[in-house]
Q: 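If you scroll down you'll find the structure; I have some questions about it.
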Number of protein chains: 2
Amino acid sequence: MISPRVELAREKLTENELQGFIVSDRQNIRWLTGFTGSSGVALLTCDSVHLFTDSRYTIQASQEAPGAVVHISSEPPIKQVAEKVSTLGCEAVGFESTVVTVEEYRQLEDGAADVRLVGLAQALSPLRAVKDTEEIERLRKACEITDAAFSAIQPFLKPGTKELDILRELVYILTGLGAEKESFDSIVASGPRSALPHAHPTDRILAAGEPVLLDFGAQYQGYAGDITRTLFLGSATDEFRKVYQTVLDAQMAAIAAIRPGVPGKDVDEVARKIITDAGYGNSFGHGLGHQLGLSVHDGPALSPKSDIVLLEGMVVTVEPGIYIEGWGGVRIEDDVLVGRCGAEVLTVSQKSLTELAV
Amino acid sequence: MISPRVELAREKLTENELQGFIVSDRQNIRWLTGFTGSSGVALLTCDSVHLFTDSRYTIQASQEAPGAVVHISSEPPIKQVAEKVSTLGCEAVGFESTVVTVEEYRQLEDGAADVRLVGLAQALSPLRAVKDTEEIERLRKACEITDAAFSAIQPFLKPGTKELDILRELVYILTGLGAEKESFDSIVASGPRSALPHAHPTDRILAAGEPVLLDFGAQYQGYAGDITRTLFLGSATDEFRKVYQTVLDAQMAAIAAIRPGVPGKDVDEVARKIITDAGYGNSFGHGLGHQLGLSVHDGPALSPKSDIVLLEGMVVTVEPGIYIEGWGGVRIEDDVLVGRCGAEVLTVSQKSLTELAV
């Protein structure tokens with residue numbers, strides 16, 4: 001039986017009048033063939049799927065990618081695939097121009113001099129954007145574990161604890177709940193560090209009277225959950241309350257605006273307008289959200305520059321934030337499945353302002 | 001004060017008659033500027049270092065990269081740098097051809113049409129290969145934590161335990177000992193799964209009378225430790241003993257062959273010959289070892305195809321293995337600093353055959 005994903009991807013061959021498509025992106029290879037190794041290239045033709053890797057993966061490749069013809073060699077995969085498309089006598093072959101490096105391209109040209117190489121940017125992204133039933137189940141489970149971990153980590157959020165120690169407990173909790181691992185490097189940012197949207201946890205010790213921001217997710221069967229919550233240690237100040245409520249209003253309004261057919265940039269604008277109207281427009285420097293799937297950043301989704309139109313079956317994050325240097329930041333993020341009639345929020349952790357006892 | 005790394009890198013400009021060098025590789029950016037963000041591009045010129053990133057990193061970039069002029073924009077970093085080299089009136093600018101994608105190259109060409117772009121493969125690798133004092137201290141500490149974690153995980157290696165539960169404890173132990181995180185996705189492979197050189201941990205439950213292979217490392221201040229040990233649950237079989245001793249002999253002989261001036265492929269050959277003479281030549285499918293540093297695979301080192309000549313100050317792994325499908329595998333790996341007179345082994349965990357009580 002031919003996998004529906006392979007069938008979908010083959011439409012790209014017809015569309016672009018190609019006899020083959022070289023897949024280099026790791027997540028695309030996994031999506032198409034099932035192979036999870038760290039080194040390999042796949043080739044899709046109109047009647048077969050080939051997987052080129054090395055002897056570290058001899059056994060794993062045939063187990064994980066039963067639908068592919070596995071080729072093992074000590075030659076770099078890109079050289080193997082160049083030789084194959086040349087041998088097959090392909091006239092025109094696509095490759096992923098946002099993944100293949102200039103040096104790999106040179107090797108492709110060398111090895112397949114008689115083949116016309118056609119760079120396609122993100123050809124598989126639209127296919128991966130709409131999740132199938134198996135993917136949605138995995139994402140649901142990833143979000144379920146993520147929520148449970150958020151609940152279980154709260155007793156560790158107290159003055160005197162190091163950010164790095166919270167990270168340590170968080171990872172232990174995630175994997176204890178069935179996550180393979182963190183879906184990305186978790187963020188634990190306390191006090192003024194919460195103003196750094198992508199803060200690595202440090203030795204900084206949490207103190208009463210300041211916020212702590214957690215941004216993390218479970219990876220489950222390859223799929224990424226992703227949640228952010230910002231809590232306050234003790235009684236929140238008036239300014240924190242105002243910032244928090246603004247972010248929350250923006251987030252909830254954006255979620256309410258999600259449905260199939262709506263442009264991603266319109267959803268961003270819903271949130272951005274609320275934040276701008278409250279006077280914090282310059283403090284929300286990133287996009288509202290990204291797609292979620294095998295990668296935590298599975299593609300663009302909700303941002304001023306996005307040209308994505310939401311489709312049923314997409315899964316996106318909704319994560320507005322306000323960041324004030326020296327003072328701190330607030331971000332609230334949920335994962336949302338675009339359902340036929342609107343958003344289904346997959347992460348369900350409490351998001352009304354939480355003031356932790358200190 | 002100009003950092004010695006920037007001074008070293010500037011020699012590449014002179015060597016290649018360039019007015020600038022665009023650095024896209026994340027670890028190269030960190031090595032050169034200190035910036036650890038996930039998105040950014042650096043530009044080295046003869047009198048300045050520029051760092052292009054986005055507003056998520058406004059604060060972090062100036063903190064981490066005080067020697068660089070930081071540019072924040074919502075434009076992709078590659079477009080920012082293209083504009084800069086054009087504005088600066090550079091005649092010829094280098095870029096990393098093994099990192100820059102075909103699509104990024106197109107954007108460079110578009111934005112800097114008047115600049116000659118010169119692809120350099122791995123230009124900074126030879127500079128990064130020889131570690132400075134700070135790097136060696138960090139690697140020492142990474143290896144020290146790695147050794148301590150290996151010791152602490154052993155009580156969990158017993159029949160009835162899941163591979164994934166061992167992984168969970170291992171990560172908790174590593175971070176408790178001061179690691180930022182695993183330096184790569186740890187391998188825990190039991191029984192026949194030890195024949196998969198890059199096995200992800202699974203739900204498989206350890207049983208008496210079989211091997212368990214651990215391959216993991218601590219990341220400390222960005223630097224990677226990397227160790228492998230293969231232990232036996234109960235009394236080792238004769239075949240296991242023979243395979244184990246062969247791998248151990250090969251590993252120790254290879255370490256003894258390490259000193260400045262020796263070609264990496266000769267060290268590989270020392271190990272490979274011992275394994276081949278014992279009749280397992282076809283069961284050792286990978287190279288003997290790689291360089292270690294900010295990346296766990298910090299560059300090639302010891303393999304039949306390597307053209308590296310060992311230099312004082314390099315740090316490499318030495319990790320021969322024998323893998324027999326359906327039966328299992330043995331790999332033994334240490335991290336080695338190339339010292340003036342020979343190898344200094346940085347990982348010191350016991351490597352004589354360990355038979356765990358069951």
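A, B, ... follow the sequence lines: proteins, then strands. Residue 1 opens every chain. The figures here come from the full heavy-atom set of this structure, side chains too, leaving out hydrogens, waters and symmetry mates.
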Q: Any idea which of A:D54, A:L196, A:L164, A:T58 has the most non-hydrogen atom pairs under 4.5 angstrom with chain B?
A: A:L196
Q: In Å and rounded to the nearest 0.5 Å, what is the OG to NE2 distance from A:S39 to B:H297?
A: 10.5 Å
Q: What part of B:Y323 is in contact with chain A, defined as an atom under 4.5 angstrom from a non-hydrogen atom: side chain, backbone, both or neither?
A: neither
Q: Output the residues of residues 172-179 of chain B for which the shortest heavy-atom distance to chain A is under 4.5 Å, in residue-number order; output 'none' if no such residue exists.
A: B:Y172, B:I173, B:T175, B:G176
Q: Relative to chain A, which segment of B:L167 carries a heavy atom at a distance below 4.5 Å: side chain, backbone, both, or neither?
A: side chain
Q: Considering only heavy atoms and a distance below 4.5 Å, find which of B:I72, B:V171, B:T36, B:D165 pairs most often with chain A.
A: B:T36
Q: As an exercise: rank A:S55, A:S38, A:G287 by heavy-atom pairs under 4.5 Å with chain B and give me the winner.
A: A:S55
Q: For chain A, which residues of residues 94-109 of chain B have at least one non-hydrogen atom nearer than 4.5 Å to it?
A: B:F95, B:S97, B:T98, B:V99, B:V100, B:T101, B:V102, B:E103, B:Y105
Q: Tell me if the CG atom of A:N16 is crowded by more than 12 foreign heavy atoms within 6.0 Å.
A: yes
Q: Which value, rounded to the nearest 0.5 Å, describes the distance between B:I59 atom CD1 and A:R193 atom CZ?
A: 10.0 Å
Q: What's the shortest heavy-atom distance between A:P197 and B:R56, and which atoms?
A: CD-O, 3.2 Å
Q: For B:D110, does the CG atom have more than 12 heavy-atom neighbours from other residues, nucleotides or ligands under 6.0 Å away?
A: yes
Q: For the interface with chain B, which of A:K181, A:H286, A:E182 has the highest count of heavy-atom pairs at distances below 4.5 Å?
A: A:K181
